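Data block below; observations after.
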Amino acid sequence: MKNQQLSEFNKNERPVFHLTPERGWMNDPNGFSRYGGKYHLFYQYYPDATIWGPTRWGHAVSEDFIRWERLPDALVPDREYDVGGCFSGTALTYEDGRHMLMYTGCRPDTEEPRDGGVQIQCVAFGDGVNYEKHDGNPVITGDMLPEGGDPYEFRDPKLWQEADGTFRAVMANHNKTHGAQILLYRSRDGLKWEFESVLADGEGKPGWMWECPDFFELDGRHVLLAGTMGEVESICRIGTFDSEGGSFREDWWQSTEQGFDFYAGQTVSAEDGRRILIGWMQNPQTAEHRGIDLPINGQMSIPRELKIRDGMLLQKPVRELEDYRTDETVYKDVRLGENAGREQRLDGVRGRTVDMELHIRPEEGKMYEKFHMRFAADAEHYTEFTYEPGKSEVTLDRSHAGPGKTELVRRQAKVRDRDGRIDLRVIIDRLSAEIFINDGEQVMSAVIYTDRHAEDITFYVKGAAVMDIAKYRIKENK
Ligand code: FRU
């Protein structure tokens with residue numbers, strides 16, 4: 001890789017407040033945990049190319065979820081049982097104070113050389129910087145799968161410890177008859193495991209495999225998150241966990257993402273009790289096929305604070321982002337209309353490292369037809385968000401975003417009918433945009449590769465609406 005290309009990229013194009021790999025490929029977040037007074041985030045990392053290769057665990061730490069410091073790679077695929085890749089997993093603080101990682105090893109297998117090989121669960125321990133693989137690896141193998149479980153699609157342990165000290169882990173598996181399933185295992189010491197139950201299963205829908213499960217308590221309920229292979233959907237199921245019987249009864253389904261790019265979400269419990277979710281800001285189906293030449297491929301989402309309100313998951317950007325705001329521009333009661341067919345601009349409202357709050361409402365007594373917002377715009381390019389109150393529908397469209405080819409260019413979602421009112425929080429960081437709708441009821445994320453000089457943000461309303469806006473630039477340091 002050319003170093004000059006990397007330094008140009010770092011100066012002008014690298015996302016400022018989203019975690020990116022130093023070079024090469026990044027996918028899922030791993031081992032998101034609090035250890036030694038810091039938040040640790042590991043990630044699926046392949047430094048030698050900008051496409052997927054046998055992954056290692058990259059490592060970064062942060063005190064506020066925004067500024068990350070990269071540390072040496074924590075796990076590399078160097079054992080007979082993981083040379084096909086150190087796949088996704090999680091972390092916790094072990095009883096003796098060490099940082100414990102649980103991950104999937106891919107063991108290449110010549111009889112049936114599918115992808116990385118057979119998938120087995122492994123453990124490593126460390127001090128927050130250096131990690132050593134456990135001598136007894138692997139700790140869970142294919143012969144501990146329930147009937148019909150496919151040992152080649154068996155991965156991504158999410159590890160936790162119950163109040164009574166029992167270790168538990170859920171992991172993803174494909175079952176020959178039911179399709180996707182999430183399996184629950186238990187252990188007294190985190191090293192000797194036994195199969196407990198099938199926690200959830202997809203009966204084939206949606207997707208044939210749910211990857212990277214997370215399972216946790218939130219506001220008195222239990223939440224199961226997973227990524228879906230073969231569909232653009234991030235699963236969120238809310239329900240009741242019967243801890244004794246190891247069963248999960250779901251009563252609410254939604255998607256954690258309505259846009260294009262959010263996958264393999266993983267949560268941590270913050271020091272103040274908030275549950276924070278971070279995801280790989282990509283779509284696994286399109287990530288490798290972008291057709292442009294940049295020294296990195298992959299970034300993490302903005303971490304999201306989770307809550308349950310009226311039985312539904314709400315997501316908001318972590319409040320720590322607000323400490324990086326500068327150059328405030330505020331407008332109240334801006335009338336947006338058809339403006340002789342021209343997009344409307346507001347002085348000071350532009351840029352590619354932006355945090356912006358918008359409140360849109362109809363003009364007294366008259367419903368508008370459609371609200372349009374374009375960003376990362378210049379004379380030829382833009383990404384567009386629209387809202388049609390009559391249909392309660394939002395759309396994110398990156399078909400005019402320029403370079404970076406992807407077939408996935410339009411996503412639509414239903415939002416709550418609020419008589420033409422809609423609240424948006426828009427976060428733009430050079431190569432991406434994340435739009436939080438109505439207090440986080442929906443989120444739409446998009447990776448874009450539009451030239452960095454495309455900084456315009458414009459508005460247009462079919463009919464007429466009124467908007468309040470507060471816009472900030474996000475700076476690199478507090
Ligand atoms: C999800 C995933 C995981 C796996 C990892 C390998 O993106 O396929 O299931 O552990 O990536 O990099």
Side-chain angles (χ1 to χ4, degrees), residues 13 15 18 20 25-27 50-52 206-207 227-235 255-265 279-294 296-302 343 352 354 356 358 369-388 391-415 422 424-437 442-460 462:
E13 280 166 90
H18 287 75
T20 48
W25 169 269
M26 162 195 269
N27 58 297
T50 52
I51 54 171
W52 190 92
T228 320
M229 278 198 93
E231 307 248 338
V232 185
E233 190 179 332
S234 288
I235 292 174
S255 183
T256 37
E257 172 65 38
Q258 310 289 337
F260 312 98
D261 296 306
F262 186 87
Y263 200 77
W280 174 34
M281 191 159 41
Q282 253 306 353
N283 187 291
Q285 309 188 48
T286 59
E288 292 198 31
H289 313 290
R290 56 184 190 164
I292 51 169
D293 185 24
L294 291 179
I296 67 162
N297 188 359
Q299 52 182 316
M300 291 295 156
S301 72
I302 193 83
E343 300 286 322
R352 286 289 282 274
V354 169
M356 195 160 74
L358 313 179
E369 228 175 276
K370 197 167 179 178
F371 164 84
H372 300 243
M373 172 182 60
R374 291 182 176 179
F375 50 88
D378 60 16
E380 284 143 53
H381 303 111
Y382 56 86
T383 297
E384 186 170 59
F385 173 87
T386 54
Y387 171 50
E388 288 174 85
K391 298 188 187 161
S392 297
E393 200 165 80
V394 291
T395 304
L396 187 59
D397 185 332
R398 58 178 175 188
S399 56
H400 292 86
K405 69 173 159 67
T406 162
E407 330 72 85
L408 197 58
V409 291
R410 279 184 106 230
R411 288 276 283 163
Q412 245 161 10
K414 290 285 177 204
V415 295
I422 189 166
L424 304 175
R425 175 91 180 266
V426 181
I427 295 181
I428 301 171
D429 187 9
R430 291 185 166 169
L431 300 178
S432 69
E434 292 158 286
I435 304 178
F436 292 77
I437 302 164
Q442 269 93 16
V443 191
M444 297 181 112
S445 311
V447 169
I448 49 173
Y449 294 110
T450 319
D451 183 273
R452 69 190 164 92
H453 298 103
E455 293 200 323
D456 287 350
I457 298 173
T458 67
F459 304 95
Y460 179 81
K462 188 117 188 4

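Values in this document were obtained by computation on a predicted structure and should not be read as measured data. As a basis for the values below, the full set of heavy atoms in this structure was taken, side chains included, without hydrogen atoms, waters or symmetry mates. All residue numbers in this chain count up from 1 along the given sequence.
The shortest side-chain heavy-atom distance between Phe385 and Ile437 falls under the 4.5 Å cut-off. Using a 4.5 Å heavy-atom cutoff, the side chains of Phe260 and Thr406 are not in contact.
For Arg430, there are no salt bridge (charged side-chain N to carboxylate O under 4.0 Å, His left out) partners at least two apart in sequence or on another chain. Legend: residues meeting side-chain contact (heavy atoms from CB on, under 4.5 Å) with Ala401, ordered by chain and number and at least two apart, are Thr383, Arg398, Ile448, Thr450. The side-chain hydrogen bond (donor to acceptor under 3.5 Å, both in side chains) test applied to His289 returns no partner, not counting sequence neighbours. With sequence neighbours left out, His372 forms a ring pair (Phe, Tyr, Trp, His ring centres under 6.0 Å) with Tyr460. Residues passing the salt bridge (charged side-chain N to carboxylate O under 4.0 Å, His left out) test with Lys414 are Glu393, sequence neighbours excluded. For the side-chain hydrogen bond (donor to acceptor under 3.5 Å, both in side chains) test, residues two or more places apart in sequence or in another chain that qualify with Trp25 are Asn27. Residues meeting the salt bridge (charged side-chain N to carboxylate O under 4.0 Å, His left out) test with Glu343, sequence neighbours left out: Arg374. Judged as a ring pair (Phe, Tyr, Trp, His ring centres under 6.0 Å), and not counting sequence neighbours, Phe436 has no contacts. Judged as a side-chain contact (heavy atoms from CB on, under 4.5 Å), and not counting sequence neighbours, the contacts of Asn283 are Val232, Asp261, Gln285, Thr286, Leu408. Applying the side-chain contact (heavy atoms from CB on, under 4.5 Å) rule to Asp451 yields the partners His453; only residues at least two apart in sequence or on another chain are considered. For Ile51, the side-chain contact (heavy atoms from CB on, under 4.5 Å) criterion is met by Ala49, Glu288, not counting sequence neighbours. Listed by chain and residue number, nothing satisfies the salt bridge (charged side-chain N to carboxylate O under 4.0 Å, His left out) test with Arg452 (two or more places apart in sequence, or in another chain).
Side-chain contact of Ser445 with Glu257: a donor-acceptor pair under 3.5 Å is present, judged by distance alone. Checked by atom type, the side-chain pair Asp397/Ser399 shows a donor-acceptor distance below 3.5 Å.
Between atom NZ of residue Lys462 and atom NZ of residue Lys370 there is a gap of 9.5 Å, rounded to the nearest 0.5 Å. One finds the OG1 atom of Thr386 at 7.0 Å from the CZ atom of Arg410 (value rounded to the nearest 0.5 Å). From Thr458, atom OG1 reaches atom CE of Met373 across 9.5 Å, with rounding to the nearest 0.5 Å.
Taking all atoms of both residues into account, the shortest heavy-atom contact from Met281 to Met300 is CE-O, 3.6 Å. The shortest heavy-atom contact between His18 and Ser301 is CD2-C, 3.6 Å. Heavy-atom minimum distance, Phe375 versus Leu396: CZ-CD1, 4.2 Å. Here the closest heavy-atom approach between residue Met26 and residue Thr20 is recorded as CE-C, 3.7 Å. For Gln258 against Ala413, the heavy-atom pair with the smallest separation is OE1-CB, 3.6 Å.
Checked options Leu294, Asp293, Ile292, Asn297; the residue passing with Thr50 is Asn297 (criterion: side chain to side chain contact (heavy atoms under 4.5 Å, CB included)).
In this structure a side-chain-to-backbone donor-acceptor pair under 3.5 Å is missing from Gln299 to Pro15.
Ring-plane geometry between Trp280 and Tyr263 is classed as perpendicular, the angle between the planes exceeding 60 degrees on a 0 to 90 degree scale with a lower cut at 30.
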